[in-house]
Amino acid sequence: MPLLEPDPEALRPTTLAPPAHDRVDAGRAGGTPAGLRDGLTALLGPGKVLSKVSDLVKYASDASPYRFVPQVVVVAESVADVSAVFGYAHRHGRHVVLRAAGTSLNGQAQGEDILVDVRRHWAGIEVEGDRARIRPGTTVARANATLARHGRVLGPDPASAIACTLGGVVANNSSGMTAGTTRNSYRTLASLTVVLPSGTVVDTAAPDADRLLAEREPALCAGLLALKAEIEADPALVRRIRAKYEIKNTNGYRLDAFLDASTPAAILRGLMVGSEGTFGFIAETVFDTLPLHRLVSAALLFFPSLRAAAAAVPRFNEAGAPAVELMDGNTLRASAAVPGVPDDWAGLPKETAALLVEFRAPDEGALAAAEQVAAGLVEGLPLIAPVASATNAFTRDPATVGGYWKARKAFVTAIGSARPPGTTLITEDFAVPPSQLADACEALLALQAEHGFDAAVAGHAAHGNLHFLLAFDPADPSDLDRYAAFMAAFCELTVRRFDGSLKAEHATGRNVAPFLELEWGPQATELMWRTKQLIDPQGILAPQVVLDRDPGAHLRGLKTIPRVEPIADPCIECGFCEPTCPSGDLTTTPRQRIVLRRELMRQPADSPVGAELLAAYGYDAVDTCAGDSTCRLACPVGIDTGALMREFRHRRHSPREERAAALAAEHFAAVERSARLAVGAAGRIGDRLLETVTGAARRAVRPDLVPAWLPGLPGAAERAMPPTTRQGAAAVYFPACVNRIFGEPTGHQGPTLPEALVAVSARAGKPVWIPSDLAGRCCATIWHSKGYDRGNAVMAERIVEAAWGWTGGGRLPLVVDASSCTLGIAHEVVPYLTPHNRELHAALTVLDSVVWAAGLLPDLTVLRTVESAVLHPTCSMRHLGDEEQLRAVAAACADEVVTPDDAGCCAFAGDRGLLHRELTESATAREAAEVTGREFTAHLSANRMCEVGMEHATGRPYHSVLLELERATRP
């Protein structure tokens, strides 16, 4: 056992609530039953079967109010894996649920037996003219990023686009803000490849698809054609089916597939859309893409009442607005918690409502015409402040428009984060004919009030599609009864009064399955049951997700939400954070870290399940968190799980470790000097010996404390900084300690980074001054990232006091040459400062060197450029908002500049890439594949250790964009 192995008990919650009724049973502490685990491992090979109880718990929750703990999790890597699992389920009488992003809102991605992860290894997109071939684990945002370069976009545009995947979008027939009934998955999906429950693989676009299907699945082919004939022979049924899809409807199976297609393969294509994983695995999709209209104008219009807002919707529909989004007063008030939304929204009257109206156009003339029409419409509306006239209603400013959409898309999370502690959240959506929208809004609010819910309403008003949220405590029998009564009344109201659809775009799921027949009637519902029996005769796929005859099925499995740390309590487990998380494909995501924490709170103090969760949490959650906090940027309500993990690291430190860290901060000049000498000596010792020595030390002490030696690490930096003078300096230049310890990449020829920055500044007529007393000063990130609070405080005070003196009390800007250090000095040190030093800090202007360099460009003459450059924007740049400046500097040095679509945090995180090399390898895998897919002349970033991480990931030499700028402008 390592000498300094941390005690897992340090991570145990300090206050425990009474054990929850839905806690994982103690008998499951051992994880997957041995027979099931070993059988699947023998079938699929090692590494694809996750069986620890912590693995099962972290997959048990999704964005829905349900929670079902699987028996085992399979991480499928290929179609063959999926087919093998289906075959295993047939032979052993098991059930299978497929899970991609886990953003579905009705429990479609949860199961109690075999759960198959089809996200991790299933990303990729190929553009084929106006079509796109997309693998099911690709997020909508990622696909659209690639399509944008071709002037195209997908039709479906769900609010969860940053996280939801195309497999789930098709399986749920998701639509979104503008898709309506014409741009959704059903209408824009050209073909798909599906693995049927039998294991048969069908590409519906193959020329011989029907012949092969007839050979391999004759009963299925005959059955599909027979159902088609039966439906078409009943004119009343045909009319009913057509009428149901005149408005948005994802409740039940797409019976119109039998009417819209003539062959079994084509019918199957239509049925797979909206089948929610109950008919097979969608292994690949081919979409007909749409033109991307880049010019946008939008307005956020405030009305005195929900009815007044709803009454205005038809006007904008007639004017051709592709998006008309409705938000009621509760939604607007809750959205004030979303970063960037005006604080005064919190004080809006509850009766207030707003419409977000957006026009898009391919050219200036078309957009101007749309704005002119819209202005005329606005003049006649009963608007209230803050927008009360047409003169300032519509804007083209990207930041303002983006802020509007951020508030709208945060509907679920903003309301959910404001729910009473301990309650779970129900998210429902329905559709009515748009002409009845105002009546439906009033009826819904009245029904909510009748059942004691103070809910929120928002939706895609242009399509008569409303969403609402309810919070209640499923552990309270009276609360559960109240919710059950509401759902029954709501379904009756929607169907009987409005002939609406109980699910407009979220798919049936578990919550509406018992009400399917209420909407569709016995004849159509029975056809759906027969279709399921035909395609999945043994019923192995996703039981109880779409079809369920139990009238109380929607009340089973509702999850409790125990209170945990305050920073994480607002989480509604939406999963928006997951695509940005560096450890998502290695251990856990931010959502899963919180899910595991909540299960710990459900358990009694002596629980064997709790003990197993704690034992795994140290590595899976705490050690392998990069601490980059990009999860906060993705989270609609700004939850910073990275900060929580840093706090947990702090909890695991012994008093001796904290004292040692503080001592290192107090004597950092000596530490820095020793580190530079060690790096210099390492170059003479050799990589193999150093790997052996550091490996032994890591095993003896602790892997999370002793860095491993990485072959090819840069050598030592020059001891002396380039000569500068304070007189006439335009800025103070603070070379980060990492750049004072490590030199340039192996093989680099030319100036050092400090020399380059000094040179380009002088060429632009804005010289910089490097203080002579740098030694012992650091941005404090070394201590901050590891949770060493005392050391962090020591260095935070020291750097701010020094910077105050260097800059003449803030008269000159402080330029920092590593983005993570810029972030540290500009923001992260603040909580650790004394009140006096906070005042000093407030007077400082801290600039990243990339921002400084971008400001020099007008005064520099570029004399030479490289042919192409690929960029790695660091996570610190994302926090600082400096990515555009990085691109601007690179664009001055290269004829072509490319930022990979899969660019993300490299997880090197200072030295975490040396502590857990597997973390960086996992985090950079997709970006590295994109980078190595073609040749680039230069590989650029602006943070030394991130450059090291990317160099090891790609085998390509990364260096600072400032070195490239110096070369480009060198006389």
### Query
Does the ring of F936 carry R934 above it, NZ/CZ under 6.0 angstrom from centre and within 45° of its axis?
yes

#### Entry: Nearest heavy atoms of T641 and C631, plus distance in Å
N-SG, 3.5 Å

### Partners passing salt bridge (Lys or Arg N to Asp or Glu O under 4.0 Å) against E672 (at least two apart in sequence or in another chain)
R676, R740

### Message
One thing to verify: whether D901 and R149 come together as a salt bridge, which I'm taking to mean a side-chain N less than 4.0 angstrom from a carboxylate O.
### Response
yes

#### Entry: Test item: S941 side-chain N/O and H872 main-chain N/O as donor-acceptor pair under 3.5 Å
yes

### Query
By salt bridge (Lys or Arg N to Asp or Glu O under 4.0 Å), which residues pair with E565, not counting sequence neighbours?
R597, R651

### Message
Within the structure provided, determine whether D895 and V866 are in side-chain contact (heavy-atom separation under 4.5 Å).
### Response
no

### Query
Between H650 and E658, does a side chain to side chain donor-acceptor pair (under 3.5 Å) hold up when you go through it step by step?
CA-CA 9 Å; H650 173 66; E658 283 286 341; 2.9 Å; yes

### Message
Using a 3.5 Å distance criterion without hydrogens, assess whether the side chain of S583 forms a donor-acceptor pair with backbone atoms of L586.
### Response
no

### E935 vs R956, salt bridge (Lys or Arg N to Asp or Glu O under 4.0 Å): CA-CA, chis, key distance, verdict
CA-CA 10 Å; E935 291 297 322; R956 307 290 197 269; 3.7 Å; yes

### Query
Short question: side chain of T924, backbone of C906 - any donor-acceptor pair under 3.5 Å?
no

### Task
Not counting sequence neighbours, list each pair that qualifies as a side-chain hydrogen bond (donor to acceptor under 3.5 Å, both in side chains) and has a residue in residues 764-778.
D773-W806

#### Entry: Salt-bridge contact R649-D623 (side-chain N to carboxylate O under 4.0 Å)
no

### Query
Using 30° and 60° as the class limits, which term best fits the ring planes of F668 and W783: parallel, tilted or perpendicular?
perpendicular

### Task
Kindly indicate, with the supporting measurements, whether the criterion ring pair (Phe, Tyr, Trp, His ring centres under 6.0 Å) is fulfilled by H653 and Y788.
CA-CA 8 Å; H653 296 155; Y788 288 111; 3.7 Å; yes

### Nearest non-hydrogen partners of G913 and T920, listed with the distance
CA-OG1, 3.5 Å

#### Entry: Exam field: side chain D882 to backbone Q885, donor-acceptor pair closer than 3.5 Å
no

### Rounded distance [0.5 Å steps], OG1 in T822 versus CG in N943
8.5 Å

### Query
Donor-acceptor pair, R944 side chain versus A818 backbone, under 3.5 Å?
no

### Task
Locate the shortest heavy-atom distance separating L633 from R878; write the atom from each residue and the value.
CD1-CB, 3.8 Å

#### Entry: Pairwise side-chain hydrogen bond (donor to acceptor under 3.5 Å, both in side chains) hits with a residue in residues 713-734, at least two apart
Y733-D817

### Task
Check whether any side-chain N or O of T937 sits under 3.5 Å from a backbone N or O of S868 as a donor-acceptor pair, and report yes or no.
yes

#### Entry: H952-F908 aromatic ring centre distance below 6.0 Å
no

#### Entry: Pair W852-S761, side chain to side chain contact (heavy atoms under 4.5 Å, CB included): steps then yes or no
CA-CA 9 Å; W852 173 255; S761 299; 2.9 Å; yes

### Task
Check whether more than 12 heavy atoms from other residues, nucleotides or ligands sit under 6.0 Å from atom CD of E647, and answer yes or no.
yes

### Summary
Hits for salt bridge (Lys or Arg N to Asp or Glu O under 4.0 Å) against E966, two or more places apart or cross-chain, chain-then-number order -> R763, R970

### Message
If you count every heavy atom of other residues, nucleotides or ligands that lies below 6.0 Å from E896 atom CD, does the total exceed 12?
### Response
yes

### Task
Name all residues meeting the salt bridge (Lys or Arg N to Asp or Glu O under 4.0 Å) criterion together with D902; count only those two or more places apart in sequence or in a different chain, and write none if there are none.
R142

#### Entry: Heavy-atom closest pair, residues L860 and V760
CD2-O, 3.6 Å

### Task
Let me see the working for T580 and T630 under side chain to side chain donor-acceptor pair (under 3.5 Å), right down to the final yes or no.
CA-CA 6 Å; T580 193; T630 52; 3.3 Å; yes

### Task
Without swapping roles, check the side chain of T752 against the backbone of E755 for a donor-acceptor pair under 3.5 Å.
yes

### Message
Looking at K786 and D911, is any side-chain nitrogen of the basic one under 4.0 Å from a carboxylate oxygen of the acidic one?
### Response
yes

### Message
Can a donor-acceptor pair be found, under 3.5 Å and without considering hydrogens, that links the side chain of R912 to the backbone of T624?
### Response
no

### Query
Are the side chain of T781 and the backbone N or O of H784 linked by a donor-acceptor pair below 3.5 Å?
no

### Task
For residues V897 and R887, report the shortest heavy-atom separation together with the two atoms involved.
O-NH2, 3.1 Å

### Task
Looking only at non-hydrogen atoms, find the nearest pair between C875 and D628 and report the distance.
SG-CB, 3.6 Å

### Task
Look only at the side chain of E964 and the backbone of L940, and say whether a donor-acceptor pair between them is shorter than 3.5 Å.
no

